[in-house]
A.B. asks: 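The structure under discussion is supplied below as structure tokens; questions concerning it will follow.
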Protein chains: 2
Amino acid sequence: MVTLKQLAEQLSVSVSTVSKALHDSEEISPETVKRVKALAKHLNYQPNKMAISLKSSKTKSIGVIIPNILNHFFAKVLFAIEKEASSRGYDIIICISNESFTKELQSLEVLGNGSVDGFIISIAEETQTKNKIDHFNSILQQQLPIVMFDRVANDVDCDKVIIDDFGAMQKATTHLINEGRKKIALFSNIDELSVGKLRSDGYLKALSDSKEYKNEPIMLTHGKEEDFDEYIEAFLIKNPDVDGIISADNTSGVIALNKALKLGYKVPQQLSIIGFSDENVLKFTDPKLSTISQHALDIGKASVKILIDRIEKVTTVSKTKVIKTDLVLRQTTTH
Amino acid sequence: MVTLKQLAEQLSVSVSTVSKALHDSEEISPETVKRVKALAKHLNYQPNKMAISLKSSKTKSIGVIIPNILNHFFAKVLFAIEKEASSRGYDIIICISNESFTKELQSLEVLGNGSVDGFIISIAEETQTKNKIDHFNSILQQQLPIVMFDRVANDVDCDKVIIDDFGAMQKATTHLINEGRKKIALFSNIDELSVGKLRSDGYLKALSDSKEYKNEPIMLTHGKEEDFDEYIEAFLIKNPDVDGIISADNTSGVIALNKALKLGYKVPQQLSIIGFSDENVLKFTDPKLSTISQHALDIGKASVKILIDRIEKVTTVSKTKVIKTDLVLRQTTTH
DNA sequence: CTGAAAGCGCTAACAT
DNA sequence: ATGTTAGCGCTTTCAG
């Protein structure tokens, strides 16, 4: 790597002159600036990132900690984060907690020693079920800002980017009721998560608020993600009179649709289905699944903006931004 | 952040004593070591990463540049990379080229100035079609090692981790021939990529090597990924006598299966299908898709190992590691 | 307009 | 056993 010192020697000027010239300082004569820049370009000079960080106590890096990169929602948010951050000149250092509290804690500690200027986090399941928040607070005490998205800790005082999980689900469920569905089931493999609970509650609220709707709520919320497809198939066989399905997670809507088709259901005539996914699943379904779209790209972009604002400006109170969802009706719903 | 200097002042010793004590130097008396460590722990001292990097010219970071994080294969490799790297004490800085040569180039340049100790890369489509390799060579000249995986540049002299694309496809196609299939079509939306070509060639070779197989090859390789599902459906309608399908990319096997089922094909009795994906798609298909599994986790892990070996040891000749594939027969093939 | 010097936090060779 | 010093590459005040 070529350094300022080397440039200075070759040009027989001082290091500080070179530094100033490269920053277009008024102090330096136009000719010198030109000479310096020419040589810098010629030798492909690149300022050493570590030296600048050490000097400025700024890293221009963001630590991103997500629970599971194999989940398409998180991958999409990460995509947006990387895009927005890189356009703003920030690097992304990524850690995958794999739903483990310990890994999340370690990641926070490792990156907390001057590696990043702030964090964007979606909380691990274990962290959420055990309600751990001390590790977040200790980072915040070090003046490192945190933006939480999707899975947030209400008890931590930091910026947050979420969607209106409760309202989105309530609206979607109400749509099925208005279609005239009499027996609507909820599928969820994320019922232990904060967002999962909010979504279930939205479903329950919609049912209880409706005058026409008579049946009891039906919630299929148990079982691991791995064998949820078998639960769903068994459920459909056992409950042939269910005429509406709503999914609270990313995948079970798609699974329900494919299983229903296999079992001979006419979709949507006999059975309406709404998933909680985005467009990427469409190519895997025919008829195309109606979904609640949570706009992962907007979530990622907003998270970066809020974090960089806090890093660069000195803002004060924590804010929570709610990204709007859309109910996108395609071919698995009527109306 | 608490520094060595602060510890030194509180303990009324010099900075170097503190530094040595924390590194368990023989030079320092046991008592002093104890005192220093106690205070360090008490104040939660963390060595400043940037200072260490500047001093040692090592960052303990790896730059990972991948074309598309929304592709499940790349997400899975990244997952493995992060896991292996973090267990070895390395951070991952991620850049997404989004298949663009320019973004790939910029990422390489930005991280090339002392931000990382080496790179793991899968090449952008544009880079590959335009056959650009100078940016890789200029990084290598700076003594920064590169490991390429999956999509590699043959003309760049660096370590590589690949699968036997040609052989995997040849074997899978031969399997369909041995099942007695008479008209086997290849679906691919990646035919411009190096790996795509190798896979097509494997298919062609299997057909031409077979004595029993009489039909001409049929390759559906055009169209963008976005509307490939419609191409596939149209193809199936137009070619009802096709009795075998093999997919060279991640998604078209799944799409073909769902479209075939919708059109009333009996799978696998009438039509055998083999995809080029991994287990994650299984929950979306019924019958479960038979696939060529490329072991993304092994690819990621091997890439990290090779890179760190090269960073830490001083190895010489470039090596290419071939990760074995498996033909996993499930429910969309007979035998 | 240019340069010398200090310092970011750390390590390590070299005193004492 | 402990301290002093120099230096990694850069920015920035202060002097000339």
Side-chain angles (χ1 to χ4, degrees), chain A residues 1-37 39-40 43-61 89 110-117 142-144, chain B residues 1-37 39-40 43-61 89 110-117 142-144:
Chain A
M1 276 208 29
V2 35
T3 66
L4 284 189
K5 197 177 174 184
Q6 295 172 32
L7 295 182
E9 279 166 4
Q10 291 215 28
L11 294 164
S12 307
V13 294
S14 75
V15 172
S16 53
T17 301
V18 176
S19 173
K20 286 170 185 165
L22 290 174
H23 288 92
D24 288 307
S25 162
E26 303 287 294
E27 293 181 8
I28 307 297
S29 74
E31 305 98 290
T32 314
V33 170
K34 199 164 293 178
R35 287 177 58 223
V36 170
K37 287 196 172 176
L39 184 64
L43 296 184
N44 189 31
Y45 166 78
Q46 302 277 23
N48 182 304
K49 181 117 190 290
M50 297 304 156
I52 293 174
S53 293
L54 182 58
K55 185 76 188 147
S56 66
S57 313
K58 291 276 167 218
T59 63
K60 285 279 203 170
S61 298
V110 168
L111 298 186
N113 44 129
S115 290
V116 299
D117 295 341
Q142 296 172 48
Q143 317 296 348
L144 280 176
Chain B
M1 277 208 27
V2 35
T3 67
L4 286 188
K5 196 176 173 184
Q6 295 171 31
L7 296 182
E9 279 166 3
Q10 290 217 28
L11 294 164
S12 307
V13 294
S14 75
V15 173
S16 57
T17 301
V18 176
S19 173
K20 286 170 185 164
L22 290 174
H23 288 93
D24 286 308
S25 162
E26 302 288 294
E27 293 181 9
I28 307 297
S29 75
E31 305 98 288
T32 313
V33 171
K34 199 165 291 178
R35 285 177 59 222
V36 170
K37 288 196 171 178
L39 184 64
L43 296 183
N44 189 29
Y45 166 78
Q46 304 278 23
N48 182 305
K49 181 116 189 293
M50 298 305 155
I52 292 174
S53 294
L54 183 58
K55 184 79 188 143
S56 65
S57 312
K58 291 276 166 218
T59 63
K60 284 279 203 169
S61 298
V110 168
L111 298 186
N113 44 128
S115 290
V116 299
D117 294 341
Q142 297 172 47
Q143 316 297 351
L144 280 175

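Only a predicted model underlies this, so the values are computations on that prediction, with no experimental measurement involved. First the proteins, then the strands, lettered A, B, ... as listed; each starts at 1.
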A.B. asks: Which is true for B:Glu26 with a 4.0 Å heavy-atom rule: it touches a base, it touches only sugar-phosphate, or it touches nothing?
C.D. replies: sugar-phosphate
A.B. asks: Supply the atom-to-atom distance A:Met50 CE to A:Met1 CE, rounded to the nearest 0.5 angstrom.
C.D. replies: 10.0 Å
A.B. asks: Atom CG of B:Leu54 and atom P of C:dG7: how far apart are they, to the nearest Å?
C.D. replies: 17 Å
A.B. asks: Counting C-beta onward and ignoring hydrogens, is there a side-chain heavy-atom pair between A:Thr3 and A:Asn48 closer than 4.5 Å?
C.D. replies: no
A.B. asks: Measure the OG-CZ distance between A:Ser12 and A:Arg35 for me, rounded to the nearest 0.5 Å.
C.D. replies: 7.5 Å
A.B. asks: With A:Val18, which of A:Val13, A:Thr32, A:Ile28 fulfils side chain to side chain contact (heavy atoms under 4.5 Å, CB included)?
C.D. replies: A:Val13
A.B. asks: Name the residue closer to the 5' end of DNA chain D, choosing between A:Met1 and B:Val33 according to the nucleotide with the nearest heavy atom.
C.D. replies: B:Val33
A.B. asks: Just call it for A:Pro30: base, sugar-phosphate, or nothing, with non-hydrogen atoms closer than 4.0 Å on any strand.
C.D. replies: sugar-phosphate
A.B. asks: Whole Å only: how far is the CE atom of A:Met50 from the C1' atom of D:dG7?
C.D. replies: 18 Å
A.B. asks: Using whole Å, what does the distance between atom P of nucleotide C:dC1 and atom CZ of A:Arg35 come to?
C.D. replies: 15 Å
A.B. asks: For B:Glu27 and for A:Thr3, find the nucleotide of DNA chain D with the closest heavy atom, then tell me which residue's nucleotide is more 5'.
C.D. replies: B:Glu27
A.B. asks: Round to the nearest Å and state the distance from B:Lys49 atom NZ to C:dT11 atom P.
C.D. replies: 14 Å
A.B. asks: What is the nucleic acid contact for B:Ser16, judged by heavy atoms within less than 4.0 Å: base, sugar-phosphate only, or nothing?
C.D. replies: base
A.B. asks: Atom NZ in B:Lys49, atom OG in A:Ser61: separation rounded to 0.5 Å?
C.D. replies: 9.0 Å
A.B. asks: Under 4.0 Å, heavy atoms only, any strand: does A:Ser19 hit a base, just the sugar-phosphate, or nothing?
C.D. replies: base
A.B. asks: Rounded to the Å, how far apart are A:Leu43 CG and D:dG9 P?
C.D. replies: 15 Å
A.B. asks: So if I take every side-chain heavy atom of A:Val15 and compare against C:dA4, D:dT11, C:dC10, which nucleotide ends up nearest?
C.D. replies: D:dT11
A.B. asks: Once you round to the nearest 0.5 Å, how far does CG of A:Leu7 lie from NZ of A:Lys5?
C.D. replies: 12.5 Å
A.B. asks: Take atom NZ of B:Lys58 and atom P of C:dG9, then tell me their distance rounded to the nearest Å.
C.D. replies: 24 Å
A.B. asks: As a test of reading the structure: which of C:dC8, C:dA13, C:dG3 is closest to the side chain of B:Lys5, going by heavy atoms?
C.D. replies: C:dC8
A.B. asks: Reckon B:Thr32 touches a base, only the sugar-phosphate, or nothing at all at heavy-atom distances under 4.0 Å?
C.D. replies: sugar-phosphate
A.B. asks: State whether B:Ser14 places a side-chain N or O below 4.0 Å from either non-bridging phosphate oxygen (OP1 or OP2) of D:dG3.
C.D. replies: yes
A.B. asks: Could you give the CG-to-C1' distance, from B:Leu4 to D:dT5, as a whole number of Å?
C.D. replies: 16 Å
A.B. asks: Please tell me which of the listed nucleotides, D:dC10, C:dT2, C:dC10, lies nearest to the side chain of A:Lys20?
C.D. replies: C:dT2
A.B. asks: Counting side-chain heavy atoms from C-beta on, which of C:dC10, C:dC8, D:dT11 comes nearest to A:Ile52?
C.D. replies: D:dT11
A.B. asks: Let's see if you can work this out: which of D:dT2, C:dT11, C:dC8 has an atom nearest to the side-chain heavy atoms of A:Lys55?
C.D. replies: C:dC8
A.B. asks: Quick check for you: among C:dG9, D:dC10, C:dC1, whose closest atom lies nearest to any side-chain atom of A:Ser29?
C.D. replies: C:dC1
